[in-house]
K.L.:
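Have a look at the structure that comes next, please.
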Protein chains: 2
Amino acid sequence: MGRKVTQREIARIAGVSQATVSLVLNDRDFSNVRIPEATRERVRRAIEQTAYVADPAARRLAGLDNKIIGVFTYEPALSHESMDFYGPLLNGLEQGAERLGCDLLFFTSSPVVDGKRRMFDKRTRLRLADGCILLGQEMDGDELRKLVDEGVPFVAVGRRDEPDVPYVGIDYRTLVAELVDSVAELGHRGAAYVHLGRTSPSSVDRLAGIEQARSRSAMPVTLIDVSQQPLPAVAETIAASGLTAVVAQDSFVAEALAHELGERGVSVPREISLAVAGEVEGHAVAGHRLSGCHLPRIEIAGEALAVLQQLIGGAEPPSDVDTRVLLSGSVVPGETLVRPEAVR
Amino acid sequence: MGRKVTQREIARIAGVSQATVSLVLNDRDFSNVRIPEATRERVRRAIEQTAYVADPAARRLAGLDNKIIGVFTYEPALSHESMDFYGPLLNGLEQGAERLGCDLLFFTSSPVVDGKRRMFDKRTRLRLADGCILLGQEMDGDELRKLVDEGVPFVAVGRRDEPDVPYVGIDYRTLVAELVDSVAELGHRGAAYVHLGRTSPSSVDRLAGIEQARSRSAMPVTLIDVSQQPLPAVAETIAASGLTAVVAQDSFVAEALAHELGERGVSVPREISLAVAGEVEGHAVAGHRLSGCHLPRIEIAGEALAVLQQLIGGAEPPSDVDTRVLLSGSVVPGETLVRPEAVR
DNA sequence: CCAGATCGATAATCCGTATTATCACTGTAT
DNA sequence: ATACAGTGATAATACGGATTATCGATCTGG
């Protein structure tokens, strides 16, 4: 039957003690612990006979690694809607886990409060894993601090402001500055940045990038916060402003905005150029591939796993330099960012 | 700092024993175990002070369910290419796991041999989970038998021929028969079924569905096996045959075939109707949404989890009727299956 | 004033694995 | 004969939490 096989059981079969089984399993061989090949073989045969697998809980309790990486997401990660954002990250995690020989444990059991999963709870299972990858556009600062305090090895995907939080993210500041530079270089005399407020570090970093570009080029950039006024009003403002270029925080904002502009007789990119300060892969406006950025999401996940391995394996905690990493994105031309018409 | 807080620590602070802490935490109150409210309160305060979280590994070791459902896939499940097939299934699994309060363990560590993961291996981690869901278009029969023999609770997604293998799949036979019936009803006098051989139970079931439809309608259906001759040749044959309708095994075959036909001047659906004996969601040919089927993949995953729960929880094994389930798909009209033109 | 009931809490044990200290035994050199 | 090194394996213990048996103290009734 499917009863669970323990080392004790193996020991009984092989006619040795439980300790011996453990020693054989872990290939231990000290000066005071010696087991001849004959006995080892006997134990190994018993193990194969019974398809023994060590109980991960017991291993953990005894202080060992389990080769299990936890994955915590604040929203369902495997739903169709989430795939745009989570898809490449999960893909990278799977590849990385395969490389490291780890299994991935998705904490789908976390209780949902106010539409978001809570990490901490009476029955938190965080510790079943050796370490944990955190995914999600918005994370709870208190929970992050608690993780740090409790010494749980973890890495957040996306830059974080909280102290001592290991992360791997995108260098949005540099990337967005580069994007805005390219808008200016095309000859646009002014642009608007349509964003969603300062809800996350990545939003803040993008704004910093805008600022950086503004400080070194003559092109003025108007900031428009969509969380302050409805998108139709924003479209109205832009249509009336005579601006020739708009940068949107992400592709969804860009698509919605292009639609609103279209309804007001302003077409992209003919009358107005549109660039996205985020991933544009797979996004288009009226058949034109969006101009914007490419974020190496698969690589980010891989790098996050690498950092996590350091945290888990390392005897002493690595420095901040090693555990707070920003990767570079790249600007992709696309078809919605073009030279402004001579007259507008 | 990040030391872990144990019940022992709580006990020390509250001036009680570790046992008392455990009893308070779990609200135990037997006839021989009584703890007055005053003491309970003292313990609770200590717990709050220290932000204590129980070590799940220890809990599990002490005999609790670990609430982990394993997910085994023969190919990487989280890659972009796999999403078409795995996406909805994973989505359903996540929803179901959330409902059941389980975590999902992806066996990404399984060693890859010949491009496919092996389930059994020296370091099989299968037993880490309470039970296991198997995903994949093609599964290894020997491994399935071994799972049955070892009494590992598991459920395969997709019908299986191997005895005693619990599964949840689609009733392709009925579904495909229904689809072919609808082709005949539109007035087509003959059709071709373009398939990929008999590589899997679902392929076999579809062929059985074709057979069933053939036996009760006058419309002849020609079988064309793409694994026997290249697709261009198939397209050539069909173009020359004067047939007005083609049923393709899946959407990818349909798209490829439509392309080949197009190159030979035969357009879908004007000259020839095209229907798919599989999921058509998100697939189109020259702007026309494909006619075909919708498979309730999300529900399948949920049902698979439900069956697995039965296998895990049940004292005695449920009957075959309960563990071998076929769900109904539905025919979706789409835009590529139309009445044949009067003259061809 | 003492037997028995009741109360409050704890020591002891178990779960499965890893590790360390220790032991019994064999040979070998002194 | 005796001390000593080397060999092969095990008993004992730790890990953190759940549970059970048990114990001392207090109370109750006769």
Side-chain angles (χ1 to χ4, degrees), chain A residues 3-43 46-47 50-68 122-128 130 150-152, chain B residues 3-44 46-47 50-67 123 125 127-128 130:
Chain A
R3 295 181 352 274
K4 68 182 141 197
V5 187
T6 67
Q7 288 188 355
R8 218 208 242 17
E9 174 78 358
I10 306 276
R12 205 183 48 71
I13 294 173
V16 295
S17 71
Q18 174 268 325
T20 304
V21 175
S22 174
L23 293 169
V24 169
L25 271 166
N26 297 7
D27 273 327
R28 285 298 120 93
D29 202 345
F30 303 139
S31 57
N32 57 347
V33 170
R34 290 161 298 254
I35 298 164
E37 190 52 32
T39 306
R40 298 191 112 93
E41 199 45 42
R42 208 146 34 93
V43 172
I47 290 172
T50 55
Y52 164 85
V53 179
D55 182 330
R59 271 180 80 90
R60 234 208 126 56
L61 197 54
L64 267 74
D65 283 1
N66 264 330
K67 297 280 187 189
I68 295 180
K122 305 252 176 264
R123 2 194 89 245
T124 302
R125 287 235 278 284
L126 236 39
R127 286 213 139 86
L128 260 188
D130 296 334
E150 303 219 341
V152 179
Chain B
R3 293 174 359 268
K4 64 186 139 192
V5 186
T6 67
Q7 289 188 354
R8 221 212 248 6
E9 174 79 358
I10 306 277
R12 204 184 48 71
I13 295 173
V16 294
S17 71
Q18 173 266 324
T20 304
V21 175
S22 173
L23 292 169
V24 169
L25 271 166
N26 297 11
D27 273 328
R28 285 298 122 94
D29 201 347
F30 303 138
S31 58
N32 57 347
V33 170
R34 290 163 298 250
I35 298 163
E37 190 52 33
T39 307
R40 297 192 111 93
E41 199 44 43
R42 206 145 37 90
V43 173
R44 288 207 199 91
I47 290 172
T50 55
Y52 164 85
V53 179
D55 183 336
R59 275 182 83 102
R60 156 84 176 81
L61 194 55
L64 275 67
D65 275 4
N66 55 21
K67 295 274 189 191
R123 5 180 53 257
R125 331 240 312 151
R127 282 217 148 78
L128 300 195
D130 294 338

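All values below were derived from every heavy atom in this structure, side-chain atoms included, with hydrogens, water molecules and symmetry-related copies excluded. Below, chain A is the first sequence line, B the second, and so on; all start at residue 1.
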K.L.:
Assuming nearest nucleotide by heavy-atom distance, tell me which of B:Phe30 and B:Asp55 is located more 5' along DNA chain D.
P.N.:
B:Asp55
K.L.:
Would you say a side-chain N or O of A:Arg8 is under 4.0 Å from OP1 or OP2 of C:dG16?
P.N.:
no
K.L.:
What's the CZ-P distance between B:Arg34 and D:dT20, to the nearest Å?
P.N.:
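Rounded to the whole Å, the gap is 15 Å.
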K.L.:
Using atom CG of A:Asn32 as one end and atom C1' of C:dT22 as the other, report the distance to the nearest whole Å.
P.N.:
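Answer to the nearest Å: 9 Å.
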K.L.:
C:dA21, D:dT20, D:dG17: which one has an atom nearest the side-chain heavy atoms of A:Val33?
P.N.:
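Nearest to the side-chain atoms of A:Val33, counting from C-beta on, is C:dA21.
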K.L.:
Would B:Arg60 and A:Asp55 pass as an ion pair if we require N to O under 4.0 Å?
P.N.:
yes
K.L.:
For B:Ala58 and for B:Pro36, locate the closest nucleotide of DNA chain C by heavy-atom distance; then report the residue assigned to the nucleotide nearer the 5' terminus.
P.N.:
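Closest to the 5' end, via its nearest nucleotide, is B:Pro36.
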K.L.:
Would you classify A:Ala19 as touching base, sugar-phosphate or nothing, given that sugar-phosphate means primed atoms plus P, OP1 and OP2, and contacts are heavy atoms under 4.0 Å?
P.N.:
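Contact class for A:Ala19: base.
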K.L.:
Between atom CD in A:Glu9 and atom P in C:dT17, what is the gap in whole Å?
P.N.:
11 Å
K.L.:
Could you tell me whether the phosphate oxygens of D:dG16, OP1 or OP2, come under 4.0 Å of any side-chain nitrogen or oxygen in B:Ser22?
P.N.:
no
K.L.:
Whole-Å distance between C:dA9 C1' and B:Asn26 CG?
P.N.:
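Distance check: B:Asn26 CG to C:dA9 C1' gives 16 Å.
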K.L.:
Students often get this wrong, so: under 4.0 angstrom with heavy atoms, is B:Val21 touching a base, only sugar-phosphate, or nothing?
P.N.:
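Nothing, no heavy atom under 4.0 Å.
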K.L.:
Quickly work out the A:Ile35 CD1 to C:dA18 C1' distance and round it to whole Å.
P.N.:
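Result: 13 Å.
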K.L.:
Strictly below 4.0 Å: does A:Arg28 bring a side-chain N or O up to OP1 or OP2 of C:dT19?
P.N.:
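Yes, because at least one side-chain N or O of A:Arg28 sits under 4.0 Å from OP1 or OP2 of C:dT19.
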K.L.:
From C:dT10, D:dG17, D:dA9, pick the nucleotide closest to the side chain of B:Tyr52?
P.N.:
D:dG17
K.L.:
Is there a side-chain contact between B:Arg59 and the phosphate of D:dA18, meaning an N or O under 4.0 Å from OP1 or OP2?
P.N.:
yes
K.L.:
To the nearest Å, how far apart are A:Leu61 CG and D:dG17 P?
P.N.:
9 Å
K.L.:
For the pair made of CG in A:Leu64 and C1' in D:dG16, what is the distance, rounded to whole Å?
P.N.:
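Atom-to-atom, A:Leu64 to D:dG16, this comes out as 16 Å.
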K.L.:
Does the A:Asn66 side chain pair with the main chain of A:Asp130, one donor and one acceptor, at a distance under 3.5 Å?
P.N.:
no
K.L.:
Return the value, rounded to whole Å, for the distance between atom CD of A:Gln18 and atom C1' of D:dA14.
P.N.:
12 Å
K.L.:
Over all heavy atoms of both residues, which pair between B:Arg42 and B:Ala14 is shortest? Give the atoms and the distance, please.
P.N.:
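In terms of heavy atoms, the two residues are closest at NH1-O, 2.6 Å.
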K.L.:
Does D:dC15 have its OP1 or OP2 closer than 4.0 Å to a side-chain nitrogen or oxygen of B:Thr6?
P.N.:
no
K.L.:
From the options C:dT10, C:dT22, D:dG17, select the nucleotide whose nearest atom is closest to the side chain of B:Gln7.
P.N.:
D:dG17
K.L.:
Step by step, work out the side-chain contact (heavy atoms from CB on, under 4.5 Å) result for A:Arg40 and A:Val43.
P.N.:
CA-CA 5 Å; A:Arg40 298 191 112 93; A:Val43 172; 5.8 Å; no
K.L.:
Rounded to the nearest 0.5 Å, how far apart are CG of A:Leu25 and OG1 of A:Thr20?
P.N.:
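Result: 11.0 Å between the selected atoms.
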